[in-house]
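So that the names make sense, note that chain A is the first sequence line, chain B the second, and so on, each numbered from 1.
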Amino acid sequence: MAKLQSPRGTSDLLPEVMAGHRHVTDTAKTVSLSFGFEEMATPVFEFTEVFARPLGETSDVVSKETYTFTDRGGESLTLRPEGTAGAVRAMISSGLTQTMPQKYFYAGPMFRYERPQKGRMRQFHQIGVELLGVPSAIGDAEVITLGHMVLSRLGVADHCVLNLNTLGDTESRQAYRQALVEYLNGHKDNLSEDSQRRLHLNPLRILDSKDAGDKDILVNAPDLADYLNAVSADHFAAVREYLDAVNIKYQINSRLVRGLDYYGHTTFEFITDALGAQGTVMAGGRYDGLTAMLGGGDIAGVGWAAGIERLAMLSDIPSPPPVDVMMIGTSEPHMATLFQLAMPLREQGLRVETGYASNLGKQMKRADRINAGHVVILGDDEAARQVAMVRSMTDGHQDEVAINDLVEHMIGRIRQRQI
RNA sequence: GCGGGUGUAGCUCAGUUGGUUAGAGCGCGGGUUUGUGGUACCUGAGGUCGCCGGUUCAAUUCCGGUCACUCGCCCCA
């Protein structure tokens with residue numbers, strides 16, 4: 001059927017789905033705040049260079065996944081494919097590079113043009129944190145610890161494994177890169193087509209190839225750990241000590257490379273096996289060169305981002321608060337009376353639903369469907385005696401209550417039930 | 001961008017080895033109960049059988065294309 005539908009890879013966040021998203025962002029925000037990270041937001045689009053340079057022109061994200069367009073003024077703009085570059089740009093734009101450290105939490109939509117799959121959308125949502133201006137290992141550790149706490153509050157930490165690696169500093173990485181290319185060139189003809197291409201563009205990416213033939217070749221490939229200089233090795237050791245100190249388990253994965261060019265030193269991913277091919281639930285690392293790339297000077301950074309859709313699929317979503325009272329009037333004037341009486345109840349924090357029509361049976365049915373705890377009925381009989389009928393939907397008991405006392409009566413009744 | 005699977009009512013799915021009125025359960029409307037929900041019974045509405053084309057006397061069914069969804073690859077949260 002030729003239905004009117006949302007564009008491919010996008011989806012509506014109807015209340016039930018939205019509740020999951022809210023749960024994820026709310027708990028992440030709360031945890032972030034407890035670490036001193038405060039919420040911020042950047043525009044969903046930026047000048048194209050903001051992403052093109054730091055992420056790497058050859059990265060897949062930039063070369064084939066961005067939504068880029070020219071606006072009416074002739075500027076090339078890009079819908080953000082991730083949050084870090086924009087957050088760093090915002091810090092630079094606002095002159096905050098003089099005030100270190102900066103600690104940000106953000107949540108919002110991201111856009112990547114790719115084939116949708118389970119846990120992978122063209123418009124998807126991420127939460128993330130960025131810690132700027134802290135070059136030492138305690139920064140890496142804090143950010144990872146924060147991420148771990150978010151996952152554990154969401155009840156997904158037990159289903160995830162923290163993979164940890166270091167890419168070393170620029171010097172170490174270049175030395176390793178050279179050794180790796182040298183080794184792989186010797187096996188060039190046996191590499192997969194994709195990896196042969198990557199050999200020129202980004203050889204490190206070959207390390208996490210899923211091709212069986214590539215994997216065989218990689219068994220004897222040089223190990224990055226052997227090429228770390230003293231600074232890089234010390235940094236990584238310190239990160240691990242911090243994590244050990246707070247008892248966070250991890251697994252060293254020397255093949256964990258990450259797709260974006262701006263990473264150096266620590267990289268990590270929390271991975272689950274519960275989401276098919278999209279196992280990465282939260283990923284990040286250190287990006288000390290990024291701020292300089294955007295023209296903001298030499299400022300260190302570490303952070304992570306996590307997919308809200310993926311997290312929501314893995315966590316138990318608490319059900320919304322129940323409806324406390326539904327107000328049913330059997331005619332316009334009675335509905336008007338209840339309309340007024342509902343206000344002080346809501347001001348007391350009760351959740352009060354309106355019966356929008358006068359057919360009592362139908363309204364009762366709706367009260368049942370939305371799981372209302374009580375129903376207040378005002379009809380001609382009651383109105384004539386200045387009372388209203390208060391019915392408990394759980395046990396079916398109903399009492400007449402004077403209209404003048406109704407507000408106080410309902411508040412008392414529901415408060416009592418809540419204790 | 002590449003490969004596999006799927007597409008029948010609001011939802012979950014049967015079905016027609018090509019044939020006249022296409023079904024079920026749930027949900028929805030009305031009623032038994034003209035001021036009382038959750039149970040039960042009765043009853044009703046709702047379908048271009050994704051779209052376009054081909055084969056055929058006849059296509060929802062066969063064939064081709066296309067679109068969408070879905071799973072995987074690439075890549076990534």
**OP:** May I ask you to say what A:T330 touches in the nucleic acid, namely base, sugar-phosphate or nothing, with a heavy-atom cut-off under 4.0 Å?
**Re:** nothing

Contacts table for residues 401-411 of chain A: side-chain donor-acceptor under 3.5 angstrom, sequence neighbours left out:
unit_1 : atom_1 : unit_2 : atom_2 : d
A:H409 : NE2    : A:R413 : NH1    : 3.2

Subject >> Distance in angstrom units between A:R8 CZ and B:rC71 P, rounded >> reply: 12 Å

Original post:
Do the side chain of A:E82 and the main chain of A:A85 share a donor and acceptor less than 3.5 angstrom apart?
Top reply: yes

Original post:
Quick one: on RNA chain B, does A:I377 or A:R122 contact a more 5' nucleotide (nearest heavy atom)?
Top reply: A:I377

Subject >> Integer angstrom distance from the P of B:rA59 to that of B:rU21 >> reply: 13 Å

Subject >> Selection from B:rG35, B:rG1, B:rA77 that lies nearest to any side-chain heavy atom of A:D380 >> reply: B:rG35

**OP:** Whole angstrom is fine here: how far is it from NE2 in A:H21 over to P in B:rA77?
**Re:** 17 Å

Subject >> Any A:Q117 side-chain N or O less than 4.0 Å from OP1/OP2 of B:rG72 >> reply: yes

**OP:** Sugar-phosphate atoms are those with a prime plus P, OP1 and OP2; base atoms are the rest. Using that split, label each nucleotide of nucleotides 25-34 of chain B B, S or - for protein heavy atoms under 4.0 Å, 5' to 3'.
**Re:** ---S-S----

Original post:
Taking the same atom, P, in B:rC51 and in B:rG10, what whole-Å distance lies between them?
Top reply: 13 Å

Subject >> Partner nucleotide, any strand, of B:rU12 [Watson-Crick/G-U, under 3.5 Å] >> reply: B:rA24

Subject >> Whole-Å P distance, B:rG3 and B:rU20 >> reply: 38 Å

Original post:
Over how many whole Å does the gap from A:R310 atom CZ to B:rA77 atom P extend?
Top reply: 8 Å

Original post:
With both distances under 3.5 Å as the test, what is the Watson-Crick or G-U wobble partner of B:rU66?
Top reply: B:rG50

**OP:** Let me know the distance between CE of A:M364 and C1' of B:rG37, rounded to the nearest Å.
**Re:** 4 Å

**OP:** For residues A:F105 and A:A28, report the shortest heavy-atom separation together with the two atoms involved.
**Re:** CE1-CB, 3.7 Å

Subject >> Non-hydrogen atoms of A:N163 and A:L256 that approach each other most closely >> reply: O-CD2, 3.6 Å

Original post:
Does any donor-acceptor pair link the side chain of A:Q363 with the base of B:rU36 at a separation under 3.5 Å?
Top reply: no

Subject >> Minimal non-hydrogen separation, A:L360 against A:I328, with atom names >> reply: CD1-CG2, 3.7 Å

**OP:** Determine the Euclidean distance between corresponding C1' atoms of B:rC13 and B:rG18; express it in Å to zero decimal places.
**Re:** 23 Å

Subject >> Residues A:R122 and A:E114 bridged, charged N to O under 4.0 Å >> reply: no

**OP:** In whole angstrom, give me the gap between the C1' atoms of B:rG23 and B:rU8.
**Re:** 10 Å

Original post:
In whole angstrom, what separates A:Y113's OH from B:rC2's C1'?
Top reply: 14 Å

**OP:** Would you mind classifying the nucleic acid contact of A:M326 as base, sugar-phosphate or nothing, using non-hydrogen atoms under 4.0 angstrom?
**Re:** nothing

Original post:
Quick one: which of B:rG37, B:rU36, B:rC71 gets closest to the side chain of A:K118?
Top reply: B:rC71

Subject >> Non-hydrogen side-chain atoms of A:F35 and A:T145 separated by less than 4.5 Å >> reply: yes

**OP:** Indicate, yes or no, whether a donor-acceptor pair under 3.5 Å links the base of B:rG1 to the side chain of A:E65.
**Re:** no

Subject >> Nearest-Å distance for atom pair CG/P, residues A:D12 and B:rG10 >> reply: 17 Å

Subject >> Over 12 foreign heavy atoms within 6.0 Å of CD, A:E38 >> reply: no

Original post:
Does A:R112 use its side chain to pair, donor to acceptor, with the backbone of A:P81 at less than 3.5 Å?
Top reply: yes

Subject >> Watson-Crick or G-U wobble partner of B:rC57, both distances under 3.5 Å >> reply: B:rG19

Original post:
Can you tell me how far P in B:rG7 sits from the matching atom in B:rC49, rounded to whole Å?
Top reply: 14 Å

Subject >> hbond_proxy A:R115 side chain to B:rC71 base (donor-acceptor, 3.5 Å cutoff) >> reply: no

**OP:** Quick one: label A:G396 by what it contacts on the DNA or RNA (base, sugar-phosphate, nothing), any heavy atom closer than 4.0 Å.
**Re:** base

Original post:
Going by the angle between their ring planes, with limits at 30° and 60°, are A:F111 and A:Y67 parallel, tilted or perpendicular?
Top reply: perpendicular

**OP:** Give none if B:rU36 has no partner; otherwise give the nucleotide forming a Watson-Crick or G-U wobble pair with it, both distances under 3.5 Å.
**Re:** none

Original post:
If pairing requires Watson-Crick or G-U wobble contacts with both distances under 3.5 Å, which nucleotide is the partner of B:rG72?
Top reply: B:rC2

Original post:
Once you round it to whole Å, what is the distance between P of B:rG37 and CD1 of A:I370?
Top reply: 16 Å

Original post:
In whole Å, what is the span from the CD atom of A:E114 to the P atom of B:rC76?
Top reply: 9 Å

**OP:** Select base, sugar-phosphate, or nothing to describe what A:Q398 touches, counting heavy atoms under 4.0 Å on all strands.
**Re:** base

Original post:
What interatomic distance, in whole Å, is found between C1' of B:rC41 and the corresponding atom of B:rA22?
Top reply: 27 Å

Original post:
Between A:D368 and A:E269, which is nearer to the 5' end of RNA chain B once each is assigned its nearest nucleotide?
Top reply: A:D368

Original post:
When rounded to the nearest Å, what value does the distance between P atoms of B:rU12 and B:rG27 take?
Top reply: 15 Å

**OP:** Check every strand shown and say whether A:V281 touches a base, only sugar-phosphate, or nothing at a heavy-atom separation below 4.0 Å.
**Re:** sugar-phosphate

**OP:** Give one of base, sugar-phosphate or nothing for A:A367, where a contact means two heavy atoms less than 4.0 Å apart.
**Re:** nothing

